[in-house]
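One structure below.
Quick note on labels: first sequence line is chain A, next is B, and so on, each numbered from 1. All values derive from a computational prediction rather than experimental measurement.
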There are 4 protein chains.
Amino acid sequence: MFTKFLNLETEKQDRIINAAIKEFAQKGYDKASTNEIVKEAEISKGLLFHYFGNKKLMYLFLFDYCYETIADEFYKKIDLAERDFFNRIRQAVLIKMDLLNKYPEIFKFIEEAYFEDSIDVKAELEKKIKELNDINLGKIYEGIDLSKFREDMDIKKILKIISYTFEKLSEEELQKAKLSPTHQIDYQKISKEAEEYFEVLTKAFYK
Amino acid sequence: MFTKFLNLETEKQDRIINAAIKEFAQKGYDKASTNEIVKEAEISKGLLFHYFGNKKLMYLFLFDYCYETIADEFYKKIDLAERDFFNRIRQAVLIKMDLLNKYPEIFKFIEEAYFEDSIDVKAELEKKIKELNDINLGKIYEGIDLSKFREDMDIKKILKIISYTFEKLSEEELQKAKLSPTHQIDYQKISKEAEEYFEVLTKAFYK
Amino acid sequence: MFTKFLNLETEKQDRIINAAIKEFAQKGYDKASTNEIVKEAEISKGLLFHYFGNKKLMYLFLFDYCYETIADEFYKKIDLAERDFFNRIRQAVLIKMDLLNKYPEIFKFIEEAYFEDSIDVKAELEKKIKELNDINLGKIYEGIDLSKFREDMDIKKILKIISYTFEKLSEEELQKAKLSPTHQIDYQKISKEAEEYFEVLTKAFYK
Amino acid sequence: MFTKFLNLETEKQDRIINAAIKEFAQKGYDKASTNEIVKEAEISKGLLFHYFGNKKLMYLFLFDYCYETIADEFYKKIDLAERDFFNRIRQAVLIKMDLLNKYPEIFKFIEEAYFEDSIDVKAELEKKIKELNDINLGKIYEGIDLSKFREDMDIKKILKIISYTFEKLSEEELQKAKLSPTHQIDYQKISKEAEEYFEVLTKAFYK
DNA sequence: AATGAATGAGCCTTCATTCAT
DNA sequence: GATGAATGAAGGCTCATTCAT
């Protein structure tokens, strides 16, 4: 499919990928301009279509590229030997924040992709996202020590409630950052808040 | 501001509003075409701009309209005499699903609006959303009987965890419906699932 | 033709005339908006067309109105008893400047009208301008004492050369004002410059 | 800037330039339609904007093109060895009329440009015109034999009066042609008239 | 007389994509 | 492989004018 592109010298690949990610992350699928991408990447108009066929396929390729980049690093860093659920989640939150810092554009791209509503890519994208969720859902809970949890409740539901809480917490902080004038995320405040929720949730769901 | 439009006969207003909501809900702000809206509403091009000035103002007007329509019905139906938190949330979930059924396009429009990233409307929209959040946040917890909850934890955090759980639950079901071929929401299944989570959460957080 | 309009109460007539002159003077025929005119004049859209038929006729009416307003005052003020040509022209220049100060919008309108190139009004306007020139050309020279001029030249050519000089002088000052940041006309400088040219021309063409 | 356009085959360049000049000359900046231009030039809509960016830049490019075309021919033809002022002006008048005959549309375009009031191009255009005036003002008087003129008057004013006379004379003839049904300029009559004015002016201002 | 809602052609500009070179 | 000129549909929006009330 994208073999032509992948056989390019890495430097040119990177130039193109970075230019495209930047444009899509900033403007979303519809408003992103292939003109801007080729200008930034310093390649010709025709070449982009030679490599990717069309805008949609390029976007979908970038989504995969971004997802893999982030996922690879994520699973490289997470310690599956840590069997305590809360510590595992704490780890996940910290790693996510680290990656956010390291690859802001890529992260931005993925985040926007989750909310991308353009009819051109919506269907394909949702399919991809669903698959990813199915694949990864289990992974993060792999090897968790379930013996610490109360046994008078459905363990799956407990895990879900805990996951939901931290996801919503992150979303809310993100939303707050979005609405603040500086768009700055206050990592320290999030960490502190998370610890307080850990405490409540441990008291509620651990033996 | 929109007095010209609001003085129209209701039938024509509805035709225009429905056409516009449908178009924006389906395609998002940028890709939505005023051409399509006037075609669907069976009015002339110029008239739309006679009423709303421009696309952006029309979109913002529709957001207000949609929000008010939903909020009015929501707060008319919710029983603030019900002081038990879980029953209150159960109510809220059911009412929301009912409205979702009754006004699917309006709901769609609002949901999309929350994620609308078009630079044209982003700023204004976020301001509106922020204001709404500030206003309504407290309202749903009004008059709740807090004496039933455990006292060894921060009550605010408990309430948040519970809210988060049901919000995420709804979102997940919605997402599942989105990805299913028929886009059908299985209300019964949701109700049943919600009851099971009520049970878990009561056990965890009630005295 | 415009009897409907002319039978209006003067106050309303003035409101409409002023609004229209302002808009045309500022934007030229094509870009002038009938919408802006009715808004400023506080009358309804339809009424404007009821009175004037269409934009073109309104413009032509305004040209006549403006021309008459200026010409009436001009010929009321000019002293036809002054038989010296240079004094007569000096008078004309001073009166013109006075009127410019008193009716800046009307003057602006007439000036713009002379350069109006819109195909819609060009032909009609040029016809009007030609007629006016024919009528008024003689008037300003009426009763001039020709005995002061040299007799070895065609007197008509002498008068033309003198007129041309002052017309061009005015045009140049106007153009300079146009190109200056403040658009301010320096009347004192013009008067002084004119006097210097008077001197040269007297020496050249008087006995 | 306009390299894309200037690298085109001359035939196509000419087709586009002629179509554009014609349209702007006839209708002025605002009313000129890019649609008409591309139709006349037989190119696609997009191509025009590919070459010139937007309407304004195209107009400004054409102004430069027209000015250079005329100025180049003018200064190629004028004989700077001719030191007699009247002969020099006679030359200038004849060359101008020749060019007018040869490039009527270009001339028209420039003339209209001087009076172009559209806010879109006014500022830029006036800047260009001002610069041109500064550059060319001296050139036409270069090497003139001033010893023939009377010494009891400001020589600069004399030269101005003479220039003004011939400029106005040309303008009047042009205006007459404009208002005549055939739009024909009667060069012979102009030459004869000019000679008569030469005579008067020589008598008045030469020693 | 007076209103202002309604029209729809026309405006400039953008864009992904194609294809001859 | 690489170029960038060329396409033309579609975009949001404006406007003088009409006409039912």
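One interatomic measurement links the two molecules: NZ of Lys31(B) to C1' of dC15(E), which rounds to 10 Å at whole-angstrom precision. For the pair Phe52(B) CZ and dG12(F) P, the interatomic distance rounds to 15 Å; values are reported in whole Å. Here dC15(E) presents its P atom at 17 Å from CG of Leu47(D), a figure rounded to the nearest Å. The separation between Ile43(C) atom CD1 and dA1(E) atom C1' is 12 Å, rounded to whole Å. In this structure, Leu48(B) atom CG and dT7(E) atom C1' are separated by 13 Å, rounded to whole Å.
Residues passing the salt bridge (Lys or Arg N to Asp or Glu O under 4.0 Å) test with Glu124(D), sequence neighbours excluded: Lys56(D). Considering only residues two or more places apart in sequence or on other chains, Asp64(C) meets the side-chain hydrogen bond (donor to acceptor under 3.5 Å, both in side chains) condition with Lys128(C). Listed by chain and residue number, Phe5(C), Lys12(C), Gln13(C), Ile16(C), Tyr51(C) satisfy the side-chain contact (heavy atoms from CB on, under 4.5 Å) test with Leu8(C) (two or more places apart in sequence, or in another chain). Not counting sequence neighbours, the partners of Asp14(C) by the side-chain contact (heavy atoms from CB on, under 4.5 Å) test are Thr10(C), Asn18(C). Evaluation of the side-chain contact (heavy atoms from CB on, under 4.5 Å) rule for Lys39(B) yields Glu36(B) as partners, not counting sequence neighbours. With sequence neighbours excluded, no residue forms a ring pair (Phe, Tyr, Trp, His ring centres under 6.0 Å) with Tyr65(A). For Phe109(A), the ring pair (Phe, Tyr, Trp, His ring centres under 6.0 Å) partners two or more places apart in sequence, or in a different chain, are Tyr59(A).
Residues Ile21(C) and Cys66(C) share a closest heavy-atom pair of CD1-SG, 3.5 Å.
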Distances for protein N or O near nucleotides 17-21 of chain E N or O, under 3.5 Å:
| residue | atom | partner | partner atom | Å |
| --- | --- | --- | --- | --- |
| dT17(E) | OP2 | Lys55(A) | N | 2.7 |
| dT17(E) | O4 | Lys45(A) | NZ | 3.0 |

Could you pull out all donor-acceptor pairs under 3.5 Å where a side-chain atom in residues 41-48 of chain B meets a protein atom, sequence neighbours excluded?
| residue | atom | partner | partner atom | Å |
| --- | --- | --- | --- | --- |
| Ser44(B) | OG | Leu47(B) | N | 3.4 |
| Lys45(B) | NZ | Asn35(B) | OD1 | 3.0 |

**OP:** Could you check Leu6(B) against Thr3(B) for side-chain contact (heavy atoms from CB on, under 4.5 Å), going step by step and ending with a plain yes or no?
**Re:** CA-CA 5 Å; Leu6(B) 296 169; Thr3(B) 41; 5.6 Å; no

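Residue pairs meeting the salt bridge (Lys or Arg N to Asp or Glu O under 4.0 Å) criterion with at least one member in residues 16-26 of chain A, sequence neighbours excluded, are Lys22(A)-Glu40(A), Glu23(A)-Lys27(A).
Taking every heavy atom of residues 3-18 of chain D and every atom of DNA chain F, pairs under 4.0 Å involve Lys4(D), Leu8(D), Lys12(D), by number.
Distance from the side chain of Ser33(C) is smallest to dC15(F) among dT7(F), dC15(F), dA5(E).
For His50(A), no side-chain nitrogen or oxygen approaches OP1 or OP2 of dA2(F) to under 4.0 Å. Checking the phosphate oxygens (OP1, OP2) of dA2(F), a side-chain nitrogen or oxygen of Tyr51(A) falls inside 4.0 Å.
Base-pairing analysis of DNA chain E finds the following stems of at least three consecutive Watson-Crick or G-U pairs, with both pairing distances under 3.5 Å: E:2-21 with F:2-21.
With the nearest nucleotide of DNA chain E identified for both Glu42(C) and Glu42(B), Glu42(C) has the one nearer the 5' end.
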